[in-house]
Amino acid sequence: MSRVSRSRVRPQLSSMLLFVGLLSGSWVSCLPVHTSPPARITAHNHIPRRVDPEISLPWGQDEAVLLIVDKSCKTLQGYHYGELMRTYPIVLGRRPRAKLYEGDRRTPTGLYMIIGKPHHSRWSRFMHLDYPSPSDLHRYRVGVARGHVPRRRAGYPGTGGAIGLHGTDKQFFNEVGYNWTLGLISLFNHDIRELHATVPTGTLVYIRE
């Protein structure tokens with residue numbers, strides 16, 4: 001998806017997400033997760049079903065694939081035209097709240113897009129998000145003005161980057177739900193393989209507190 005098309009999609013979905021936030025009680029409860037690896041992985045841009053087909057997300061019905069990261073529940077939910085298809089367990093950055101600057105060990109909050117799926121020497125599979133968003137840049141500037149961003153020898157650290165979804169080399173930490181990353185979103189390796197194979201570049205990812 002081009003930068004132009006993304007700029008059209010993001011404001012529209014942002015207004016939807018604001019509305020959904022007011023009605024969050026209908027979908028914020030933590031759902032049971034399914035950690036067993038899929039019997040077969042096929043690249044078809046369609047997340048395999050693993051949950052109750054009655055669970056839906058009406059405002060996501062126009063999106064073929066939409067990912068919702070719930071930081072409080074430590075889950076990643078995959079939707080297909082508004083229908084919940086799969087819930088994955090995740091772990092996050094070591095520190096709570098939304099990411100503000102590079103090195104704060106926090107996972108960002110907001111609406112993002114998968115802009116690439118490059119090879120990664122450590123994680124093998126990596127799904128790169130387009131962080132920082134305009135909202136992140138604004139939050140950073142406000143943080144600098146208010147003295148919430150530390151000043152380093154060469155100046156302020158900046159917003160950082162290279163935020164995305166990846167696997168784990170700390171299996172036990174993922175199993176017990178310990179937040180160990182420096183701000184990224186870690187899944188079990190069999191889950192990131194499934195997502196990497198079925199979720200296309202250009203997919204929107206909403207990360208909520």
Q | Distance, nearest 0.5 Å, that separates CD1 of Ile90 from OG1 of Thr75 | A | 6.0 Å
Q: Start with the C-alpha distance between Val69 and Thr107, add both sets of side-chain angles, then the distance that settles side-chain contact (heavy atoms from CB on, under 4.5 Å), and finish with yes or no.
A: CA-CA 11 Å; Val69 173; Thr107 300; 5.8 Å; no
**Q.** Separation between CD of Glu83 and CD of Gln61, rounded to the nearest 0.5 Å
**A.** 10.0 Å
**Q.** Under 3.5 Å donor-acceptor, Asp104 side chain and Lys99 backbone
**A.** no
Q: Evaluate side chain to side chain donor-acceptor pair (under 3.5 Å) for Lys71 paired with Thr109, printing each intermediate quantity in order.
A: CA-CA 9 Å; Lys71 294 169 71 173; Thr109 299; 3.2 Å; yes
Q. Out of curiosity, Arg106 CZ to Ile163 CD1, how far, rounded to the nearest 0.5 Å?
A. 12.5 Å
Q. Which heavy atom in Pro118 sits nearest to a heavy atom in His128, and how many Å separate them?
A. CD-CB, 4.3 Å
Q. Any sub-3.5 Å donor-acceptor pair from Asp130's side-chain atoms to Met113's backbone N or O?
A. yes
Q) Taking the side chain as C-beta and beyond, is there a heavy-atom pair between Pro89 and Asn174 under 4.5 Å? A) no
Q: Look only at the side chain of His80 and the backbone of Ala64, and say whether a donor-acceptor pair between them is shorter than 3.5 Å.
A: yes
Q | Common cluster, Tyr101/Tyr112, ILVMFWY with side-chain heavy-atom separation under 4.5 Å | A | no
Q.
If I take atom CD1 from residue Ile68 and atom OH from residue Tyr206, how far apart are they, to the nearest 0.5 angstrom?
A. 7.5 Å
Q: Identify the two heavy atoms, one from Pro157 and one from Pro150, that lie closest to each other, and give their separation to 0.1 Å.
A: CD-O, 3.1 Å
Q) Counting only N and O atoms by type, is there a donor-acceptor contact under 3.5 Å from the side chain of Thr168 to the main-chain atoms of Phe188? A) no
Q.
Once side-chain hydrogen bond (donor to acceptor under 3.5 Å, both in side chains) is applied, what residue pairs with a partner in residues 138-156 remain, sequence neighbours excluded?
A. Asp136-Arg139
Q) If you look at every heavy atom in Leu137 and Pro132, which pair is closest and at what distance? A) CD2-CG, 3.9 Å
(Q) If hydrophobic clusters are built from ILVMFWY residues whose side chains come within less than 4.5 Å, do Leu100 and Val144 share one? (A) yes
Q) Any idea which heavy atoms bring Trp180 and Asp169 closest together, and the distance? A) CH2-OD1, 4.0 Å
Q.
Strictly distance-based, threshold 3.5 Å: is any side-chain N or O of Lys74 a donor or acceptor partner for the main-chain N or O of Gly177?
A. yes
Q | pair Ile114-Leu129: side-chain heavy atoms closer than 4.5 Å | A | yes
Q: In sequence, state the C-alpha distance, the side-chain angles, and the governing distance for Arg125 and Arg193, and then conclude on side-chain contact (heavy atoms from CB on, under 4.5 Å).
A: CA-CA 7 Å; Arg125 291 166 178 82; Arg193 284 196 297 268; 3.6 Å; yes
(Q) Closer than 3.5 angstrom, by distance alone: can the side chain of Ser186 be matched with the main-chain N or O of Gly167 as a donor-acceptor pair? (A) yes
**Q.** Cation over ring face, Arg86 and Tyr88, 6.0 Å, 45°
**A.** yes
Q | Transitive ILVMFWY side-chain link Phe126 to Val91, under 4.5 Å | A | yes
Q) With a 4.5 Å heavy-atom cut-off, do Leu195 and Leu67 have their side chains touching? A) yes
Q. To the nearest 0.5 Å, what is the distance between OG1 (Thr181) and CG (Asn179)?
A. 7.0 Å
(Q) Does atom CZ (Arg105) have a neighbourhood of more than 12 heavy atoms from anything else shown, all under 6.0 Å? (A) no
Q.
Checking Met127 against Ile192 for the side-chain contact (heavy atoms from CB on, under 4.5 Å) test, could you report, in this order, the C-alpha distance in whole Å, the side-chain angles of both residues, the deciding distance, and whether it holds?
A. CA-CA 9 Å; Met127 303 176 76; Ile192 194 63; 3.9 Å; yes
Q | Heavy-atom check, side chain of Ile185 versus side chain of Leu92, under 4.5 Å | A | yes
Q: Can you sort out the partners of Tyr178 under ring pair (Phe, Tyr, Trp, His ring centres under 6.0 Å), two or more places apart, ordered by chain and number?
A: Phe173
